[in-house]
Amino acid sequence: MKIVFLGTPSFALKPLIELNNSRHKIVAVVSQPDRAKGRKGNLLPTPVKELALSLNLPTHQFESIKNQIAFLKSLNADIFITVAYGQILSQEILNTPKFGVINAHASLLPKYRGASPIQSAILNGEKETGITIMQTELGLDSGNILSQEKIPILDSDTIETLFDKLSTLSADLLLKTLCKLENGNSFSVPQDHMLATKCSLITKEMGSLDFSKSARQVFNQIRAINSYSHIDGLYIRILDSEIINEHQINKDAGLIENDFIVKCGQGLLKIKQVLPMNKKRMTAKQFLLGNDVRGKKIGTN
RNA sequence: CGCGGGGUGGAGCAAUAGGUAGCUUGCCGGGCUCAUAACCCGGAGGUUGGAGGUUCGAGUCCUUCCCCCGCAA
């Protein structure tokens, strides 16, 4: 099939690589415009753009793809595939290719429609997640489901590992789904919209840790998103932790005991890796060598 | 020219108003012990990121360069 691939962040890299290696032909790659990145605000290419160029694929970036109907039609593609592209398509675009537009979404739709499916699944303590390939329609991640595959969320998983696994899985599932579409033996099922949930973009503030919650909840937050707290006014990012106890009820939540074990509202959480303001990432042990925090409280100022 | 914080023995941190560079840990040697990620004694290891300058004297003040990081995007 002749494919137009639309994607932006690194999550879309594996799908692009696999599709490019398959017998299908990628006739164009579309990515978001370059955005200012980094400390100096330099303009950096999106991961997908960078990869596409290195693969010598025709690459395009549009401020608004809705104005590019004529161009998109001229590509004469069989199907458009979006993986975390980041722009809303119009009905006219959806109608352009023979097989329409399909999208790979990193959740078990209809749950976790929206911007942060992976983070939200970890955050909510889900036991499993997965990839859903759906026929794109105008609604947000609401199209009919073409295929879906699950994977478990392990305690050892973090946003990085899950991101990786799901990216790989999406590449895999996209290929299988293309195959079915091509052979005409694919069928799609409408989502049960009553069960739909949405997740929004992750904001900085969502990373603020609340140790009055349970150790499990804090643990999940640390695994899911950039989390931080304060000790004596010192801003400190918490990178890794381990649940020591899930049941013990504590009144003095936030109190730091030996070995950087923190009392949570329910349970004990051991901090294992941190990144203090202006420092490099370090193990809790290293941090403790230079900072005596026993008996102090961790939390909002 | 987005805002801001740092570079001190291998590692993590200190050093009142410029005046002998310390602490914790690690490493080496020795001791104690049935034993120890325990304890005791001793030791090595720094031209305080680089280069200039001010000063009787600079980790500490000034200029400049290099590197690292947080926030914001």
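So you know, we letter chains A, B, ... as the sequences are listed, proteins then strands, and number each from 1.
- Note on A:Phe80: it does not cluster hydrophobically with A:Val83, by side-chain heavy-atom contacts below 4.5 Å among ILVMFWY residues.
- Connectivity analysis of hydrophobic side chains (ILVMFWY, heavy atoms under 4.5 Å, direct or indirect) links A:Leu109 to A:Met134, A:Ile145.
- Stem analysis of RNA chain B (at least three stacked-register Watson-Crick or G-U pairs, each with both distances under 3.5 Å) gives B:2-7 with B:66-71, B:10-13 with B:22-25, B:27-31 with B:39-43, B:49-53 with B:61-65.
- Taking every heavy atom of both residues into account, A:Ile102 and A:Leu146 meet most closely at CG2-CD1, 3.5 Å.
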With the criterion being N/O to N/O and under 3.5 Å, what pairs connect the protein with nucleotides 3-7 of chain B, and how long is each?
unit_1, atom_1, unit_2, atom_2, d
B:rG4, N2, A:Asn278, OD1, 3.0
B:rG5, O2', A:Asn278, ND2, 2.3

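- Among the nucleotides B:rC68, B:rA11, B:rC71, the one closest to the side chain of A:Gln286 is B:rA11.
- Considering only residues two or more places apart in sequence or on other chains, A:Lys111 meets the salt bridge (charged side-chain N to carboxylate O under 4.0 Å, His left out) condition with A:Glu126.
- Scored by the ring pair (Phe, Tyr, Trp, His ring centres under 6.0 Å) test, A:Phe99 finds no partners at all (sequence neighbours excluded).
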With 3.5 Å as the limit, what N/O pairs link the protein to nucleotides 21-28 of chain B?
none

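- Rounded to the nearest Å, the gap between the P atom of B:rA15 and that of B:rG53 is 29 Å.
- Taking every heavy atom of both residues into account, A:Ile131 and A:Leu166 meet most closely at CD1-O, 3.4 Å.
- For the pair A:Lys204 and A:Tyr228, the cation-pi criterion (under 6.0 Å, within 45° of the ring axis) is fulfilled.
- Residue A:Val30 is not grouped with residue A:Leu13 when hydrophobic side chains (ILVMFWY) are merged at heavy-atom distances under 4.5 angstrom, including chains of intermediate members.
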